[in-house]
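Below: the structure, in structure tokens.
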Amino acid sequence: METFDIIIIGGGPIGLNCALEAQKNKLSYLIIEKGTIVNSLYNYPLYMRFFSTAEKLEIDGIPFISTAPKPGRQEALEYYQGIARQRDLNINLYEKVEKVSRENNLFEIETTKGQYSAKNVIISTGFYDIPNLMNIPGENLAKVKHYYTEPYPYAKQKIVVVGSSNSAVDAALETYRKGAEVTMIIRHSEISKSVKYWVKPDIENRISEGSITAHFNSQLIEIKEKKVIFKNEYGEIQEIENDFVLAMTGYLPDFDFLRNSGIELQGECLNPLYNSETMETNIPGLYLAGVVCGGKDTHLWFIENSRIHSEIILKHILSK
Ligand SMILES: Cc1cc2nc3c(=O)[nH]c(=O)nc-3n(C[C@H](O)[C@H](O)[C@H](O)COP(=O)(O)OP(=O)(O)OC[C@H]3O[C@@H](n4cnc5c(N)ncnc54)[C@H](O)[C@@H]3O)c2cc1C
């Protein structure tokens, strides 16, 4: 079995960036990705627009040419997949890493397709695979979606959108504009401050003119086939007719995977333990990169501020 200098788990933008850095430094590496290249982006809403401008999404200084200031999903797929193709990155696709263990200073990596050995491992598995569940009765019904793709299935349907962050607001506006009757159920007292600055006035105006109904300080408590039940801001139980629930309640990193790899998780946000100067975890030779670093705080890291991780990690590996 070949022993790689580095195995990178996850072929998202940051995993690719780590591979480019390894390639530049002539280290042997393999990316193992459980889906397609930049699988999270592939699963984003079809018509989403990044909040970052194109140059902030660039990796390794490779120009990201976009026709609009903020690129959309398809342009980002073209950009990142194009890099993997052009730079001939060593990547195994549709192969999930199930276990990482360390024996005699080497890592053993078990996947759905085989076993690998590496001197160093970088975990860059992101947070988009596990929805942050509401844990309420009826959440498992087929009409409840934790991923929103496009508005067309919801035309002339009664939609409840749960949440008030970017994903919730985009889903509410898009479905409203394709003829859905949209009700937002929002735990907080206002639309999230992190909503894209050019979108926030749009949702606030649709709510104030009554085109979209919003229940603030409210919580969904049960979902049934034809209705939903929620607690409103006065503490009263309210019931409305409903066809679909778009539960835009966020996503979480795979904490079991991190734990089983030996990484310590700390505090309320289950922050994985790592040295911010090297990105090395409490296991020597095991590194973290990208948005997985934030634990439950998935707003802490994004492409723009985590693309630096690859350089930090490679510098540390080369210094050993
Ligand atoms: C809708 C949306 C919009 C966003 N907009 C922006 C933006 O405008 N600007 C910005 O900077 N950030 C944005 N982000 C946040 C962040 O940039 C993205 O989450 C980005 O994809 C993070 O890159 P990453 O490489 O760390 O993780 P990811 O892109 O999530 O990559 C992780 C990869 O690991 C794979 N994987 C997971 N587990 C395993 C396993 N066990 N074995 C093998 N492979 C595995 C996944 O399939 C995935 O491809 C957005 C996020 C979302 C959800």
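Ligands are counted one by one from 1 in listed order, and the atoms in each one are counted from 1 as well.
No heavy atom of Asp254 sits closer than 4.0 Å to any atom of ligand 1. Glu95 counts as a contact of ligand 1, since one of its heavy atoms falls under 4.0 Å from the ligand. Contact analysis puts Leu57 in contact with ligand 1, with a non-hydrogen atom separation below 4.0 angstrom.
Using a 4.0 Å cut-off between charged nitrogen and carboxylate oxygen, Glu239 and Lys227 count as a salt-bridge pair. Ion pairing between Asp5 and Lys119 holds under the 4.0 Å rule for side-chain N and carboxylate O. Comment: Lys315 does not engage Glu311 in a salt bridge, judged by the lack of any side-chain N to carboxylate O separation of less than 4.0 angstrom.
Within ligand 1, counting atoms from 1 as listed, the ones closer than 4.0 Å to a heavy atom of Val291 are 16 (C), 22 (C), 26 (O), 27 (O).
If you look at Leu41 next to ligand 1, the close heavy atoms, those under 4.0 Å, all belong to the side chain. Residue Asn166 does not touch ligand 1, judged by heavy-atom distances below 4.0 Å. Looking at Tyr128 against ligand 1, only its side chain comes within 4.0 Å, counting heavy atoms. Proximity of Asp129 to ligand 1, defined as any heavy-atom pair under 4.0 Å, is confined to the side chain (atoms from C-beta onward). Neither the backbone nor the side chain of Ser306 comes within contact range of ligand 1; no heavy atom lies under 4.0 Å.
Ring geometry for His215 against Phe230 counts as tilted: the plane angle lies between 30° and 60°, on a 0 to 90° scale. Ring orientation note: the planes of Tyr116 and Phe4 are tilted relative to one another, at an angle of 30° to 60°.
Looking only at distances, no side-chain donor or acceptor of Tyr147 sits under 3.5 Å from a matching main-chain atom of Met248.
Shortest contact from atom 14 (N) of ligand 1 to any protein heavy atom: Tyr44 OH, 4.1 Å. For atom 3 (C) of ligand 1, the nearest protein heavy atom (residue, atom name, distance) is Met48 CE, 3.5 Å.
The shortest N/O to N/O separation between Ser40 and ligand 1 falls below 3.5 Å.
Applying the ring-ring contact (aromatic ring centres under 6.0 Å, His included) rule to His316 yields the partners Tyr287; only residues at least two apart in sequence or on another chain are considered.
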